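Notes follow the structure.
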Amino acid sequence: MASPKLTAEQVEETARIYIEVGQSQVQTALKMGMSRSAVQERLRRATELGLLGPVEAKPGFIIKSISSKGPDGSYVKQGREPGEEFVIPVGHLIKGVSALVDPDGRELAKWVKTKQGELDPIYVAERIAAKFVDMPAARPVPVPADTDEDLLTVFPLADFHLGLYAWAPEAGHNWDLATAVARYRDTMIKVAAGTPPSSTAIVLGGGDYLHANTNEFRTQSGNVLDGDGRTDKVIDAAIELAVFQVDLALLNHTKVVVRFLKGNHDEYASIAIVHALAAWYRDDPRVVVDKDPSLFWWFRFGKVLLGGTHGHNIKPAQLPMLMASRVPQEWGDTEFRYGHMFHVHHKTKTVDEIGSVIVETHQSPASQDSWHYGKGYLSGRSMQSITYHRDRGEDGRKIQPL
Ligand SMILES: [Mn+2]
């Protein structure tokens, strides 16, 4: 079958060379530097046009058969050879076969009719699998075999600022939504790998998980921010990343508690994250999404009392008294008390343990934007997990620099 792509020049050139080399297809192919099958295709077309004799076809006509007289005087009629073997088109099945037979019932020609039909199951499975390549990991996550009932691990998600945009000439680094998501996921995996299999995990969004509430990209106090992407897009990526973190925690911990504190950048956008997670995990008995809308978080584990807040409304030194006043019962029942704060993007540990509470502020893994860079801030970037023993307090931590 002649390809429609062949030009008249290509066909003529092939016919000329074929005659030049003594009508050898192999020699023609060698001379033209192409495959023999390609030469054959061109020669078929040349024959139809009569370029190989005996007469050239008139414009718009082709030669359908050639009759010639053999050396012994008999007539030889040459017809076109059949085309390639018939192949059923992908996704089709044979609908029917009809035959043209001679008076003796012998088959002269056959028509194979196909129609769009049931697809090959393997073909369908491969097509579906291809669609899921970029989807998050499948759930449900298997329950980990052995976890330590005496341990609890907090995974602070400190000032992720998803949606922050930074341009290297202005801010020292290039940073955008896609970069942030990729780097955070990578770091989450490394943190998880260095965390013991405590029975309880707490995914603690420390506030400013998102860079902004709206497409205007402003803080609560109205400062203009450098944003990447539209709010819908950022929220979508933020939910997916939170699900990634929770699913990761489910691999190593029996129970996962999720709490996202509000920050001064995402007072409203964070609500969407919390509610999406609550819906996502509503049928999973291993996940508890705490929808508490307040700015403060308290959690008791054995003799350990934990507290947290973003930190835009109170100073670290105020947290111990607040803890004692807001949850006096838990305060009285515990011995080891810790406060987690964020907002400042750098690491501090309150020098004095006020009322036996150690309050720390967390380093952010986010890149600086032009404003922070311009202020000359020099904090490092990391993520971590902190593990507590129910009777002994802090038991260890895995710190992962970015
Ligand atoms: Mn903040």
Side-chain angles (χ1 to χ4, degrees), residues 154-166 171-173 175-177 180-181 183-184 187 202-229 231 234-235 237-239 241-242 245 258-274 292-297 306-319 322 338-350 359-384 386 402:
V154 175
F155 293 89
L157 310 182
D159 295 273
F160 272 23
H161 285 267
L162 290 166
L164 179 151
Y165 174 78
H173 291 95
W175 194 252
D176 58 17
L177 181 63
V181 168
R183 294 286 299 278
Y184 293 164
T187 313
I202 296 178
V203 173
L204 179 64
D208 291 357
Y209 179 64
L210 294 100
H211 196 42
N213 284 308
T214 70
N215 286 329
E216 283 190 7
F217 282 96
R218 285 176 191 275
T219 62
Q220 206 179 53
S221 48
N223 294 322
V224 177
L225 306 161
D226 305 327
D228 171 46
T231 303
V234 178
I235 286 180
I239 292 167
L241 184 66
Q245 171 65 84
V258 182
R259 173 75 157 94
F260 272 75
L261 292 161
K262 293 177 162 98
N264 54 313
H265 284 248
D266 65 351
E267 191 185 5
Y268 302 110
S270 61
I271 299 171
I273 309 302
V274 173
D292 180 352
S294 80
L295 291 180
F296 298 90
W297 169 73
L306 303 170
T309 190
H310 180 62
H312 55 301
N313 281 5
I314 66 158
K315 296 260 177 287
Q318 293 172 263
L319 193 68
L322 263 173
Y338 304 90
H340 293 284
M341 293 182 64
F342 306 87
H343 187 55
V344 290
H345 292 210
H346 60 261
K347 196 162 34 178
T348 64
K349 204 151 199 172
T350 309
V359 181
E360 66 178 295
T361 63
H362 290 270
Q363 221 166 43
S364 161
S367 178
Q368 290 187 341
D369 55 15
S370 61
W371 186 85
H372 284 91
Y373 189 77
K375 282 278 193 181
Y377 291 143
L378 293 168
S379 56
R381 297 162 61 190
S382 65
M383 283 169 65
Q384 62 178 329
I386 307 154
L402 248 76

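Side chains included, hydrogens not; waters and symmetry mates left out as well; all remaining heavy atoms used. None of the values given here were measured: they were computed from a predicted structure. Order of appearance sets the numbers: ligands from 1, and atoms from 1 within every ligand.
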key: Backbone N/O of Asp159 and side chain of Ser364: donor-acceptor pair under 3.5 Å   = yes
ask   = Taking all non-hydrogen atoms of both residues, which atom of Phe342 and which atom of Ala158 are closest, and how far apart?
value = CD2-CB, 3.5 Å
query = Short question: side chain of His345, backbone of Gln363 - any donor-acceptor pair under 3.5 Å?
reply = no
request  = For Tyr209 and Ala238, indicate whether the former's side chain and the latter's backbone hold a donor-acceptor pair under 3.5 Å.
outcome  = yes
request  = Just grab all the salt bridge (charged side-chain N to carboxylate O under 4.0 Å, His left out) pairs involving residues 208-217, residues at least two apart or on different chains.
outcome  = Glu216-Arg218
query = So, His265 side chain and His211 main chain: donor-acceptor pair closer than 3.5 Å or not?
reply = yes
query = Which protein N, O or S atoms does the Mn ion (ligand 1) have within a distance shorter than 2.8 Å?
reply = Asp208 OD2, Asn264 OD1, His310 NE2, His343 ND1
